[in-house]
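Read through the structure below, which is laid out as structure tokens, and then see the notes.
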Amino acid sequence: MNILMITSEAVPFSKSGGLADVVGALPPALIEKGHDARIVVPAYNMKIEDSGELVCKLDVPMLDGAEKVQIRMKTVRGVIYYFVCHKVFNDRIGIYGDTSFTPYSDNFFRFALMSKAALQLCEAIDFKPDVLHCHDWTAGLVPYFLKVNRSQFFMGTQTMFTIHNLAYQGTFPRMDFLHANIRPDEKLFSNGQVNMIQAALVYSDYITTVSPTYAKEIQTPEQGCGLDPILTKRHNKLKGIVNGIDINEWNPEKDELIPYHFSLKKMGGKAKLKKEIQTQLGLPVRADVPLFAMISRLAAQKGFDTVLNCLECILNEQDVQFVIVGTGDSALENSLKELAQKHENLSVNILFSNKVAHLVEAGSDFFLMPSRYEPCGLNQLYSLRYGTIPIAHRTGGLADTIIDVDKFPKEGTGLLFDDLTEYEIVKHVHRATELYKRKEGEDSIDKIRMRAMNQDFSWSASADEYINVYKKLTNRTTGETK
């Protein structure tokens, strides 16, 4: 099958979060299974001539006339990346804005342009996708644009839309839709605004999201973000598929970003990495205390407000160490830095560093993820891979990928709690400390680590699930009334 991914970010070229990791890893897994999977993504913050080999030049019709777009390409791990090159991408510093808190005012225009260019590219190079796989709000208009496209070229092409985070919907003033230079449909709008995710949920042939539990949660008013009626109506075209991880990049035996390596049979390197974290990030070098890690966007969605309400209590009353890595809400950043100045057993690092992330994932004993909601989550998968035991709120993909030690002592790979409260966080940090000291039994630290590291979260199984959906779509002979 021919699959074309359309996305606003993809590793190794652009990244603001887990979306980029997913889109960068799924196509190679599909190619290994005999399919032709390619990616369309904008080129950011570089000269157009540096964006790869020229494929074609397009005149994309927008409100003010034809926009001159170049498509350039590079190949990585057998995957062709088609870069949409235009000044609104190449001349900008960021993907969505100069900072996380200042989105570009013309983002509707930018990603409508990307979406239209992706469809035009297919015809220009005579690549007919069996499936257009659209990722998150930035590609949400593609299913609608395809619907109003009169070209016979796309006869039989199906659309799949993957929700990575329903909270980010791509809402813009109704008048912005004029930029698309395509007739509008009332189903594109809600509350007087164009809603790009809503467009995808209504017009795509199939909807996926990144874990089975999240697929259920978003059909409720609590987590449906106002779109649960549409999702409930389309529940028979909605499926949750857990993300995989790149097991070559995240591999304790050969990770290029860590100074020591380890495996199930030779765990000595993990202890050396813990010492390296303590030395590099300003913690007392102690092997006898558990080291808890958090690597995350610093935001209330990730539970940091709740953590702040109890972290000082934990640091004062429990013999533990904490290392926090991330950037985000400035008030949370400042509060954490102030707390770190008062406690030698807390290291706060306001930075975004892949190298530090690998070191902390690999060398820590426990990984805390108190997310309010988590569509899938990747850090718990990285943690399991490195024998760093996750402690998490039972939601979304966290519930699907972590087996609770207390409920299943012989199978458990981590700790889960049902209520996101200060009490539960304190309680489960204390519980983890008990496990750290336990040397015998099925819930001993070594047994839990062994089970965690034996889990298989490679992309192979996830790719098989996507392929099954692709086949279901392409074998379909009648369309669904939308």
Side-chain angles (χ1 to χ4, degrees), residues 7-8 16-19 96-97 100-101 103-105 107-112 115 134-145 147 159-180 184-241 297 299-303 305 328-329 371-377 393-399 420 480-482:
T7 181
S8 54
S16 71
L19 165 63
Y96 311 107
S100 300
F101 305 101
Y104 297 125
S105 60
N107 272 344
F108 179 87
F109 173 88
R110 297 171 76 231
F111 294 112
S115 300
C134 313
H135 293 269
D136 251 11
W137 68 267
T138 49
L141 291 175
V142 172
Y144 180 70
F145 288 167
K147 178 181 175 62
T159 55
M160 176 191 286
F161 180 72
T162 295
I163 304 165
H164 293 264
N165 190 334
L166 191 63
Y168 298 92
Q169 298 184 4
T171 56
F172 298 91
R174 188 183 183 97
M175 292 295 289
D176 278 16
F177 194 81
L178 292 173
H179 287 294
D185 187 297
E186 283 304 312
K187 294 178 183 177
L188 301 169
F189 305 103
S190 64
N191 300 318
Q193 293 186 306
V194 58
N195 186 315
M196 294 170 78
I197 269 198
Q198 178 170 309
L201 299 185
V202 172
Y203 290 104
S204 59
D205 294 302
Y206 205 90
I207 304 162
T208 64
T209 191
V210 288
S211 72
T213 295
Y214 191 59
K216 295 176 183 176
E217 290 173 341
I218 59 176
Q219 295 180 61
T220 67
E222 291 76 20
Q223 294 202 41
C225 301
L227 297 174
D228 49 287
I230 298 174
L231 289 159
T232 302
K233 183 178 179 180
R234 300 208 65 200
H235 71 276
N236 62 328
K237 300 295 180 184
L238 171 64
K239 181 180 177 65
I241 300 174
R297 177 168 48 89
Q301 184 241 310
K302 299 295 184 178
D305 53 340
D329 183 278
S371 303
R372 279 186 163 73
Y373 65 92
E374 195 66 62
C376 178
H393 181 211
R394 196 191 305 270
T395 186
L398 304 179
L420 180 53
E480 179 192 4
T481 301
K482 296 177 180 163

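Any value given below was found using the heavy atoms of this structure, including those in side chains, with hydrogens, waters and symmetry copies removed. Being a predicted model, the structure only gives us computed values, none of them experimental.
Using a 4.5 Å heavy-atom threshold, the side chains of Glu374 and Ser211 count as separate.
Ile197 and Phe161 get closest at one heavy-atom pair: CG1-CZ, 3.9 Å. When every heavy atom of Leu166 is checked against every heavy atom of Gly224, the shortest pair comes out as CD2-O, 3.3 Å. Across all their heavy atoms, Ala139 and Pro143 have their closest contact at O-CD, 3.8 Å.
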Step-by-step side-chain contact (heavy atoms from CB on, under 4.5 Å) determination, Ile230 to Gln198: CA-CA 8 Å; Ile230 298 174; Gln198 178 170 309; 3.7 Å; yes
Show the numbers, then the answer: is there a side-chain hydrogen bond (donor to acceptor under 3.5 Å, both in side chains) between Ser8 and Tyr96? CA-CA 9 Å; Ser8 54; Tyr96 311 107; 2.7 Å; yes
I would like to know whether Lys187 and Tyr144 meet side-chain contact (heavy atoms from CB on, under 4.5 Å); could you show each step before the answer? CA-CA 10 Å; Lys187 294 178 183 177; Tyr144 180 70; over 6 Å; no
Please test Asn165 against Tyr214 for side-chain contact (heavy atoms from CB on, under 4.5 Å), starting from the C-alpha separation and ending with a verdict. CA-CA 10 Å; Asn165 190 334; Tyr214 191 59; 4.1 Å; yes
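Between atom CG of residue Leu238 and atom CG of residue Leu231 there is a gap of 6.0 Å, rounded to the nearest 0.5 Å. Distance check, rounded to the nearest 0.5 Å: CD1 of Ile163 to CG of Leu227 gives 8.0 Å.
In terms of modelled atom types and a separation under 3.5 Å, the side chain of Gln301 and the main chain of Ser371 share no donor-acceptor contact.
When the ring pair (Phe, Tyr, Trp, His ring centres under 6.0 Å) test is applied to Tyr373, no partner is found at least two apart in sequence or on another chain. In terms of the ring pair (Phe, Tyr, Trp, His ring centres under 6.0 Å) criterion, Tyr168 has no residue partners (sequence neighbours excluded). Evaluation of the side chain to side chain donor-acceptor pair (under 3.5 Å) rule for His135 yields His164 as partners, not counting sequence neighbours. Asn195 pairs by the side chain to side chain donor-acceptor pair (under 3.5 Å) definition with Gln169, not counting sequence neighbours. In this structure Ala112 satisfies the side-chain contact (heavy atoms from CB on, under 4.5 Å) test together with Met62, Phe108, Leu141, Phe145, sequence neighbours excluded.
Asp305 and Arg372 are joined by a salt bridge, as a carboxylate oxygen and a charged side-chain nitrogen come within less than 4.0 angstrom of each other.
The only member of Leu19, Thr208, Ile241 that meets side chain to side chain contact (heavy atoms under 4.5 Å, CB included) when paired with Thr162 is Thr208.
For residues 167-177, the salt bridge (charged side-chain N to carboxylate O under 4.0 Å, His left out) pairs, not counting sequence neighbours, are Arg174-Glu186.
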